[in-house]
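Structure first, then comments.
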Amino acid sequence: MIGDRIPLKTFEVPTGTSVFDWTVPKEWNIRDAYVKGPDGKRVVDFQKCNLHVLNYSTPIRRTMPLGELKPHLYTIPQNPDLIPYRTSYYTENWGFCLSHNQMLALKDGDYEVCIDSTLENGNLTYGESYFPGRSADEVLISCHACHPSLANDNLSGLTVATLLAQILSGRDLRYSYRFLFIPGTIGAITWLARNREAAARLRHGLVLTGIGDQGRFHYKKSRQGNAEIDRAAAHVLAHYGESSEILEFSPYGYDERQYCSPGFNLAVGCLMRSVWGTFPEYHTSADNLEFIQPLQLAESLRICAAILDVLENNRRYVNVRPYCEPQLGRRNLYRSTGGEAIGAEINARLWVLNLSDGEHSLLDIAERSGLPFASINDAADLLFQNQLLSTVEEESKLGTVRGELSPENMFRRS
Amino acid sequence: MIGDRIPLKTFEVPTGTSVFDWTVPKEWNIRDAYVKGPDGKRVVDFQKCNLHVLNYSTPIRRTMPLGELKPHLYTIPQNPDLIPYRTSYYTENWGFCLSHNQMLALKDGDYEVCIDSTLENGNLTYGESYFPGRSADEVLISCHACHPSLANDNLSGLTVATLLAQILSGRDLRYSYRFLFIPGTIGAITWLARNREAAARLRHGLVLTGIGDQGRFHYKKSRQGNAEIDRAAAHVLAHYGESSEILEFSPYGYDERQYCSPGFNLAVGCLMRSVWGTFPEYHTSADNLEFIQPLQLAESLRICAAILDVLENNRRYVNVRPYCEPQLGRRNLYRSTGGEAIGAEINARLWVLNLSDGEHSLLDIAERSGLPFASINDAADLLFQNQLLSTVEEESKLGTVRGELSPENMFRRS
Amino acid sequence: MIGDRIPLKTFEVPTGTSVFDWTVPKEWNIRDAYVKGPDGKRVVDFQKCNLHVLNYSTPIRRTMPLGELKPHLYTIPQNPDLIPYRTSYYTENWGFCLSHNQMLALKDGDYEVCIDSTLENGNLTYGESYFPGRSADEVLISCHACHPSLANDNLSGLTVATLLAQILSGRDLRYSYRFLFIPGTIGAITWLARNREAAARLRHGLVLTGIGDQGRFHYKKSRQGNAEIDRAAAHVLAHYGESSEILEFSPYGYDERQYCSPGFNLAVGCLMRSVWGTFPEYHTSADNLEFIQPLQLAESLRICAAILDVLENNRRYVNVRPYCEPQLGRRNLYRSTGGEAIGAEINARLWVLNLSDGEHSLLDIAERSGLPFASINDAADLLFQNQLLSTVEEESKLGTVRGELSPENMFRRS
């Protein structure tokens, strides 16, 4: 489905491939699974909900008394109506996940247990979408694709990343962009092990996950802590109309764990709404399509686009009239009647002129002035057109991601 | 009037002189201006209030219907009794400023409009007062002189600067002091363009304005943000008995805009009471002699003097007995009966001895200890006299601005 | 008594010895002192409380009227039942300290005054206890021993230091430890003057005093302000269950005044409970054995031991699998069922792996993670045993102060 929307290249990495300290595991496939009660009816049924099987369960087909079955049943006693999502990737095991109430209702007797799975040599599969820009330096957008039936924890990231890739498609971009759709942990490790050169070109990155629910935004900083992506995300969220929170880096979480491991130490943060583990729906059957909302996904996309807008346009300029202010009035860049206050647009121009000394980037100026990046960038465009600024970088200033992506004209609240 | 009190040198810069990106404009002079109503009476009269004319208005003498006059009338609808102060320096225009109620009372009919002004080649005029010190390094005190009929926004700065210059006059000074009385914006630009060498000698500077009203003090930092003048002003205000506020630099405001342009980036801050644009009297006829008060002007002068006191005395010393404390008791610099707490004066001595390692200045010590600069400076004087300190700088330690200027003996609340 | 518990070497420094800016004073000894009233009874009696004599009083034996005696009487009017502790070390004087009420009760008449003291050439005495470690770099534990009849201000430090020395005795230590039991001020000055080489080897130090009362802990930072000892103490107190306070360095206080004088600038802080001068018992007869408590002394000892534990174990490691996370699961260092939250121990392992890049010390990691040092250290031990870490320093990792000293097994609340 992603490949229908954006150019997607899939890769297959065989079982047994060494990837740093890990080995690509066997491939797991499952067709059916159930537990039949003493009366022959299915009391747990994979066809109804694929969370019912402990992920990576080895195949089994046996009849056993309830007492023998119970150690293989996973529930959430404190949320007795929800089915948990559980896995056993690296310890061979089998099991079923069900609601605690469902389990309590099981009566003594013999149960027929069936997991029609295979765990055999095969491949780890991941998808990649690459958009070349003017520079070989890359921006990474990474999301995990290992359990897409969880809507917020997994599907929301895939969705927003796909739409973001559609927006970038066909644009003239400053950076090259790489989108990864990979299994969590082992997928990121596998990609990094096989793409050392691409990893060395990564300048900025975002892990996208949990961005469809109604919680406020959380941005978790990269290990570097003050990378440009960290500052861009914090700036965009600070100017977003609603409350948000910036989290310090920690080595637990999503695939930023791998990108920020000390050998790589990449500038990759993680954008979320509600933080993993802090909401009751997390890793349960309640993380479903009702838990995420189109409006929230759209706003998440807007935030992502605004962050990329900062990265694309964050340049340094030099004021070519650095001694005193240039006379903006005769260039029609100032108000003509003195004595009244100046407007926000003129204020942004003064800030850009004052701090464009070749050292301050537009993001520096936005941060110090307290003005939104878009205002500072607009002012810089205008001053550049009026020959009051010159660029430090060689590349010419081009309209890129911005424009159609502005909150005003991209997505509107209904 | 300033020249009656302090040595003042005036400069005339001809119209058409290039000053960086600007050109010295024509000289504007005005003798009379009025609007006569259909009944022949003056309804707007420059003789009653010189704010009534849009500053820099081109001459006009014509009769016109009210409808034609109205686009040339400036009022403040939200403060309908006040006459605004408006200018049109760089767009040729004419106009009248009047209270909104005055305008509403104008009836239809023909009005005789007269502005008896000249806008011709001439000169930009500014005044300078210079006090040489032991060092060629300069301290700048700058205030704008372009619309002195506004009492707080303009006249208060001239007043305090003049009194400050009187205090410095005849003293043995560490720094050389330069006072500028200049038209706002174009005056500062003109001075900087003609005095690049003097500008390069500026070490510290203050723009003085809006310091006669009853608002609390505001100090706006220089673009550098942590210059000695910024720290000195913040320190003095922190130890002033009443609340005050330190503002970050911004490129809008008074002539610090020019001094802090990126080509100069001088350590010039701005001392105010109420901040421009934040009080209803700002740029109106209500900013008059009743709005400013002698006591407020006197306290502003005290604060200025205290800031200069820090600059004049902020030296580094070296403790010549750096290993353990020197025995203060036998020099009568300690209390003689042990077991009781020490007094504030002894505490200041211990701080000066402990931090006088050649790296910490007295202001550093005052900041770290939380003690007022004057206490630290007194302690340093005493320890120096007792041969416990040596100076790092070559120049000898001399009583300068301090003394008569201390709050205790300079200006007293009545 | 200290020498009965730990190996103690005492030093005698003769009167007249030059120690930096000071001279070792005469030795004071006292056998008896009293004031007899007109009725021949002792109204002030050194035998009842040794605070009754102004310390360092010159000998006297005379009868005088009350009026002549009074200038030699020291009281605390605001605490009229307490006897003050007063000294006159460097000004020859004599006097008595008594409660204010006691003084008020004195009737007119002749008083027999006797101070049977000697103030003659002799020695300054101090004690030293040294425990060699694997490194010649030293940790200093210093406490003053000049007026041990004050329980909190003086005796508590001696007590905790002695017990701490007992704990270190016989251990394999990373650092060498030096305990000083010295007269305040002149003792520290004398030691520093005679031990310049040892002083140069001091890496960390603590002045211990006032740690027996029921007040919360205060740690006063060294002059350096961010030395390892400062960070270790702040960390330990932050993870201590009860509230505590970190104080900035100031040049008044205990012997850190000397260790932190600018010529030495040693990393020596001061650990206290209630701060000198802030509690009414300070420097009075109420600072007695009832004012300090065994439990408080024991907890102070625990805090000291925990601080030394940080110093002893604060190493840098290098993650030998720095590219992505190593697979902890197959080493039984991770939970086996995925989908649930990880425990605190696994979290500590992830932090150590992520930040062990040769630059971050374990204390850095503890600070950044917010986890207690002991957890981080345990994780590092385990990861080192599993060959996932290598040490940066040459010396091998050895269990040292830790272990028996953990709060769980060292001192228990009754």
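Naming: A, B, ... by sequence-line order, numbering from 1 per chain. Basis for what follows: all heavy atoms, side chains included, without hydrogens, waters or symmetry-related copies.
Residue-level contacts of residues 245-254 of chain A with chain C, in order of numbering, are F249(A), S250(A), P251(A), Y252(A); threshold 4.5 Å between heavy atoms. Within residues 180-201 of chain A, the residues that have a heavy atom under 4.5 Å from a heavy atom of chain C are I189(A), L192(A), R196(A), listed by number. Inspection of non-hydrogen atoms places no residue of residues 219-234 of chain C under 4.5 Å from chain A.
Ring pair Y323(C)/F20(A) is parallel by interplanar angle, where below 30° counts as parallel and above 60° as perpendicular.
Judged by distance alone, with hydrogens and angles left aside, the side-chain atoms of D357(C) form no donor-acceptor pair with the main-chain N or O of G263(A) at under 3.5 Å. Of the possible polar contacts, none joining the W22(A) side chain to the C324(C) backbone as a donor-acceptor pair under 3.5 Å is found. The backbone N or O of Q258(A) lies less than 3.5 Å from no partner atom in the side chain of E325(C), so there is not a single donor-acceptor pair.
Interface check for chain A: of the options L355(C), N354(C), L350(C), the most heavy-atom pairs under 4.5 Å are formed by N354(C). Interface remark: of the candidates W276(A), Y90(A), Y282(A), Y90(A) forms the most heavy-atom pairs closer than 4.5 Å to chain C. Residue with the most contacts toward chain C among H283(A), R86(A), H147(A): R86(A) (heavy-atom pairs, distance under 4.5 Å).
Residues satisfying the ring-ring contact (aromatic ring centres under 6.0 Å, His included) test with H72(A), not counting sequence neighbours, are W94(A).
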(Q) As a quick check of understanding, evaluate side chain to side chain contact (heavy atoms under 4.5 Å, CB included) for D21(A) and R330(C), giving each step before the final call. (A) CA-CA 10 Å; D21(A) 192 51; R330(C) 65 173 156 88; 2.8 Å; yes
Q: Determine, stepwise, if the pair R257(A) / L353(C) fulfils side chain to side chain contact (heavy atoms under 4.5 Å, CB included).
A: CA-CA 11 Å; R257(A) 290 163 68 162; L353(C) 286 169; over 6 Å; no
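Interface remark: T91(A) contributes side-chain atoms only to the contact with chain C (heavy atom separation under 4.5 Å). If you measure heavy-atom distances from R331(C) to chain A, the contacts under 4.5 Å come from the side chain alone.
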